[in-house]
Each structure stands twice: as C-alpha cells, then as structure tokens.
**Student:** 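The structure follows.
This structure is a prediction, so every number in the text was calculated from the model and none was measured. Order of the sequence lines fixes the chain letters, A, B, ..., with proteins taken first and strands second; residue numbering starts at 1 for each chain. Computed over heavy atoms, backbone and side chain alike; hydrogens, waters and symmetry mates excluded.
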Amino acid sequence: MAVRVQEGDFDVGAELDRLTKGNRRIGGLAVFVGLVREMHVREGLHRDRIDALTLEHYPGMTEKALEDIEAEANRRWPLEATLIVHRYGRMEAGDRIVLVAVGSPHREAAFEACEFLVDWLKTKAPFWKLEETPAGEKWVGAHEGDDAAAARWEKKAQ
Amino acid sequence: MAVRVQEGDFDVGAELDRLTKGNRRIGGLAVFVGLVREMHVREGLHRDRIDALTLEHYPGMTEKALEDIEAEANRRWPLEATLIVHRYGRMEAGDRIVLVAVGSPHREAAFEACEFLVDWLKTKAPFWKLEETPAGEKWVGAHEGDDAAAARWEKKAQ
Amino acid sequence: MKVRYFAWMKRTVGVADEEISPPADVRTVGDLVTWLRNRSAGHAEALAEGAAFGAAVDQRTVTFDVPITGAREVAFFPPFTGG
Amino acid sequence: MKVRYFAWMKRTVGVADEEISPPADVRTVGDLVTWLRNRSAGHAEALAEGAAFGAAVDQRTVTFDVPITGAREVAFFPPFTGG
C-alpha cells in the first residue's frame with residue numbers, strides 16, 4: 001500500500017515494476033492513468049479550448065484522504081498491492097494527472113478495486129481544478145457523474 | 001488500434017507512452033497486465049507448486065482473433081486508442097503474459113472496454129496454457145468463471 | 001484556531017488562512033460558518049447560505065453539526081474535482 | 001486440405017498437422033470429425049464424441065455444422081485458456 005502526492009510527473013512503467021516486483025501472487029494488475037484532456041467549452045458566444053489546468057490541493061489532508069480510500073479498498077477486496085500517485089500544480093493537455101494501480105491474484109478484484117479507487121478519489125480527495133481558457137481562469141464545478149459513480153460503491157457497502 | 005503476439009516481454013511504460021503520445025483527447029487510460037501467478041494445486045496426495053507455464057497459440061488465427069475482439073470493443077465504446085500485446089512460449093511466476101490498454105475521453109468507457117477485452121480474449125483467442133508442476137506437465141482446463149465473465153458482454157450486445 | 005479556505009473560496013474571502021478566536025458559544029462547524037460571515041463581505045459571499053461547500057476539521061471531512069471544540073484547523077472548500 | 005491440432009489434441013493425435021483428402025460426402029466440420037476418427041486410435045481418442053473441443057475453418061472459429069468446402073485449413077483445439 002502506498003500513496004503519493006507530488007508536483008512532478010511519474011514514470012508509469014517504473015511505478016508498476018516497483019509495485020509488483022518480487023510478488024508472485026499477483027495474477028492481474030489493473031491500472032488507471034488519468035490525463036489532462038483537451039476540451040472545448042461554450043461560454044456565451046465564445047467557444048474556448050482548454051489547454052492547461054492547475055490542480056490545487058490541501059497538503060496533509062490529501063494524503064490522509066487517499067490513505068483512507070486505499071485502506072477501504074484493501075478491506076473490501078483481497079489485494080496484493082495498491083498504489084495511488086496524484087499530481088498537483090500546473091499541467092497541460094496530454095499530461096498525466098493520476099495513477100491508480102491494483103494487483104490481486106484475480107483480475108475481477110483488481111478491476112473492481114481500481115475503479116472504486118478512481119471513483120472515490122474524485123469525490124473524497126481534496127483537489128480542485130482551475131482551467132485555463134483564452135477568456136481567463138475558471139474553477140471546474142463538481143461533475144454529477146462522479147457523484148453517481150462514487151455512490152455505486154456506497155450501496156455495495158451496506 | 002494495434003494487436004501484437006510475441007514471444008518476448010514487453011515494456012509497459014513504453015507501450016503506454018507510444019499509445020497515447022500526441023493524442024490530447026484521452027482523459028482516461030485503463031490498463032490490464034496479466035502476470036504468471038504462483039499457484040498451488042492439490043493432485044491426489046500431492047500439493048504441487050506451479051512455477052512456470054508454456055503458452056501455445058495458433059499463429060495467424062491468434063492475430064485475427066485479437067483484431068476481431070479489438071474491433072468489437074471499438075464498435076461498442078467511443079475509444080481513442082486500444083492495444084493488445086499477448087505473449088506465447090515459456091514464462092515463469094512473476095512474468096508478464098498480456099497487456100491490454102484502452103484510452104478514451106471518459107474513464108467509464110475505458111474501464112468497461114478494457115474489462116471486455118480481457119474477458120473476451122480469455123475465451124475467444126486461441127491460446128492454451130501448459131503448466132509445469134513437479135509431477136510433470138499439465139494442460140490447464142478452461143475456467144468456468146472466464147466463460148461467465150465473457151457471457152456478460154454477450155447479453156449486453158442484444 | 002486556524003481557518004483555511006480553498007479554490008474559489010480562498011479568492012472570495014481574500015486570504016488562504018487566518019487565525020481566529022471565536023466565542024465559546026460557537027460550538028459546531030455550522031456555528032463557525034455563521035460567525036465567520038460577519039468578518040467581511042468576502043466571508044459573507046464565500047460562506048453564503050445555500051452555497052455548495054464542505055468542511056474539514058483537523059483534515060478530515062465532516063458534516064456541519066460536528067463540534068469544533070479543541071480543533072487546531074478548520075477548512076472550507078468547494079466540492080472536490082480531482083482525479 | 002490441411003488439418004491442424006493444438007495443445008493436448010496434438011499430443012494425442014501424434015502430429016501437429018497433416019494433409020488430407022476426404023471424400024466428397026464429407027461436407028461439414030462435423031462430417032470431417034467423424035471421418036478423421038477412423039485414421040488412428042489417437043485420432044479416435046482426441047476427437048471422441050463428448051470430448052470438449054472446438055474447430056476453426058481458415059483460422060476463424062466455427063460451429064460443427066459449417067461446410068468445409070474450399071477450406072484450406074481446418075483446426076481442432078481444446079477450449080482456450082489464454083490471458
């Protein structure tokens with residue numbers, strides 16, 4: 001189990017190698033890499049392209065929140081290895097934002113836990129996206145789909 | 001879209017970089033890495049540890065089958081990038097067997113398509129596992145769970 | 001006690017954090033919100049009734065009925081948009 | 001026409017592939033299975049009725065009612081266990 005919050009980029013291959021090295025009980029490794037996506041938004045008469053964003057976070061609380069989420073995944077599924085690396089600061093379209101990796105003897109558990117971690121970190125970890133548009137900076141509103149995705153797992157907990 | 005069948009190992013980081021490079025429309029990249037898992041099987045009075053296996057395949061048909069599966073995923077979900085790399089030959093516990101990667105603007109599509117590809121390639125691509133146990137070689141029987149996992153997607157197609 | 005503000009709430013309040021000493025009858029996070037609104041127009045706007053924001057006490061997310069007694073740090077922030 | 005065998009079927013039949021010229025009344029994959037059983041004890045065992053195996057015609061998985069007319073290659077194999 002490991003959680004990291006950092007400003008710099010991460011090396012996906014190296015992270016995964018380190019995570020699984022020496023563990024011969026992992027049959028499936030499910031991984032998610034979140035990237036900054038180029039987006040087009042309509043704002044009145046303007047159609048803006050978003051090329052970059054800045055992720056603000058709450059140092060201290062962020063690590064605690066991610067550790068809580070990771071611990072919860074390990075309670076729910078039989079996992080051999082979990083890793084969350086989340087960046088903050090300024091990133092451009094195409095840049096990596098987050099890496100979530102889950103190793104388990106069985107692929108179903110790996111996939112489910114990985115999706116769970118991604119859904120939960122979007123709604124439970126203190127990050128805020130500030131988008132750069134040609135018209136200026138704009139705080140991203142919470143995405144209803146994210147709340148719905150996270151809520152799936154609340155039901156399963158009962 | 002790309003499919004590769006090869007005897008040698010693959011470099012996960014390099015494969016993913018190549019897959020997403022220059023594509024700024026990918027918001028989520030879902031990845032699965034299948035590894036050879038150390039297993040213990042009971043055979044009569046013996047408890048054997050499986051440390052290695054050999055994957056036989058059907059050259060020519062394997063590539064066609066994987067391309068069909070990949071094309072089906074691209075029909076079902078709005079994907080920006082897909083990759084399947086599958087090894088054959090002898091592998092030891094801890095070795096990588098298969099890499100499946102799916103990039104999409106949205107993470108839900110990436111996760112679903114990745115799981116679909118893994119489920120389908122297990123039941124529709126011509127690979128056969130021969131395990132090495134201290135008592136000798138043993139062909140792996142088809143796993144009922146794999147059929148059930150693949151069948152999920154058959155229903156969705158209707 | 002330290003109060004911290006994040007994202008657009010920080011810009012609206014005008015400071016990232018501040019040291020405060022609320023009176024003894026400010027017992028819960030909700031009480032603190034009400035009390036903070038009187039500090040400035042920026043506070044009133046950021047912490048307005050009906051605005052969608054959450055809170056943390058000592059770096060754990062809490063509901064507004066949670067007591068702040070003994071807390072070292074209370075934070076206010078808009079809904080999270082990471083990942 | 002070439003017939004190929006994979007995994008344990010290859011070991012049981014004793015060859016990986018063979019060239020065959022079945023008579024004209026061997027029209028489908030199922031007909032071919034029946035006809036092949038007479039070639040040797042190994043064929044009979046590998047292709048036994050009730051054994052769980054599949055087939056491909058020209059490298060596409062098929063059901064046993066599919067015709068083999070014009071096929072270059074027919075393959076028989078146990079259920080797939082890749083991934």
Side-chain angles (χ1 to χ4, degrees), chain A residues 9-17 19-40 49-52 80-81 92-108 110-112 114-116 118-119 121-122 143 145-146 148-149 152, chain B residues 9-17 19-40 49-52 80-81 92-108 110-112 114-116 118-119 121-122 143 145-146 148-149 152:
Chain A
D9 192 15
F10 46 82
D11 178 332
V12 178
E15 296 290 350
L16 299 184
D17 280 348
L19 187 67
T20 60
K21 200 164 204 74
N23 187 332
R24 294 150 57 105
R25 295 179 303 277
I26 299 177
L29 181 66
V31 182
F32 179 80
V33 182
L35 302 157
V36 180
R37 182 164 61 94
E38 176 187 292
M39 280 187 297
H40 295 88
R49 200 174 77 183
I50 296 159
D51 291 319
E80 287 288 335
E92 299 186 351
D95 285 355
R96 284 176 278 265
I97 306 176
V98 62
L99 170 67
V100 176
V102 176
S104 171
H106 301 287
R107 73 180 188 283
E108 296 84 357
F111 268 121
E112 273 192 37
C114 186
E115 233 181 316
F116 165 85
V118 174
D119 286 346
L121 77 78
K122 279 181 181 272
H143 184 233
D146 288 338
R152 291 189 288 171
Chain B
D9 193 16
F10 45 82
D11 179 332
V12 177
E15 296 290 349
L16 300 183
D17 280 348
L19 186 68
T20 59
K21 199 164 203 73
N23 187 332
R24 294 152 56 105
R25 294 180 303 279
I26 298 177
L29 180 66
V31 182
F32 179 80
V33 183
L35 302 157
V36 180
R37 180 164 62 95
E38 175 187 293
M39 280 188 296
H40 295 86
R49 200 174 76 184
I50 296 159
D51 290 319
E80 287 289 336
E92 300 186 351
D95 285 354
R96 284 175 278 265
I97 306 176
V98 61
L99 170 67
V100 175
V102 176
S104 171
H106 302 287
R107 74 182 187 281
E108 296 84 358
F111 267 121
E112 274 192 36
C114 187
E115 235 183 314
F116 165 84
V118 175
D119 286 346
L121 76 80
K122 280 183 180 269
H143 185 233
D146 288 338
R152 291 189 289 171

**Student:** Per the side chain to side chain donor-acceptor pair (under 3.5 Å) rule, what does the pair list look like for residues 93-103 of chain B, sequence neighbours excluded?
**Tutor:**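 Applying side chain to side chain donor-acceptor pair (under 3.5 Å) to every pair that reaches into residues 93-103 of chain B, excluding sequence neighbours, yields A:Asp17-B:Arg96, B:Asp9-B:Arg96.
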**Student:** For B:Ala52, enumerate each residue passing the side-chain contact (heavy atoms from CB on, under 4.5 Å) test, keeping only those at least two apart in sequence or located in another chain.
**Tutor:**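 Residues passing side-chain contact (heavy atoms from CB on, under 4.5 Å) with B:Ala52: B:Arg90, B:Glu92, B:Glu132.
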**Student:** Using a cut-off of under 4.5 Å on heavy-atom pairs, state which of B:Glu108, B:Arg25, B:Arg24 scores highest against chain A.
**Tutor:**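 Option with the top pair count is B:Arg24.
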**Student:** I need the single residue from A:Val12, A:Val33, A:Val31 that forms a side-chain contact (heavy atoms from CB on, under 4.5 Å) with B:Leu29. Which is it?
**Tutor:**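 The option that passes is A:Val33.
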**Student:** Between B:Leu16 and chain A, with a heavy-atom cut-off of 4.5 Å, which part of the residue counts as in contact: side chain, backbone, both or neither?
**Tutor:**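 For B:Leu16, the side chain is the part near chain A, not the backbone.
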**Student:** Looking at A:Gly145, A:Gly34, A:Ala149, A:Cys114, which one has more heavy-atom pairs under 4.5 Å with chain B than the rest?
**Tutor:**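 Answer, by heavy-atom pair count under 4.5 Å with chain B: A:Cys114.
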**Student:** Which residues in residues 98-107 of chain A have a heavy atom less than 4.5 Å from any heavy atom of chain B?
**Tutor:**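 Interface residues of residues 98-107 of chain A: A:Pro105, A:His106, A:Arg107.
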**Student:** Which residues pass the ring-ring contact (aromatic ring centres under 6.0 Å, His included) test with A:Phe116, sequence neighbours left out?
**Tutor:**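 So A:Phe116 forms a ring-ring contact (aromatic ring centres under 6.0 Å, His included) with A:Trp77, A:Trp120, A:Trp153.
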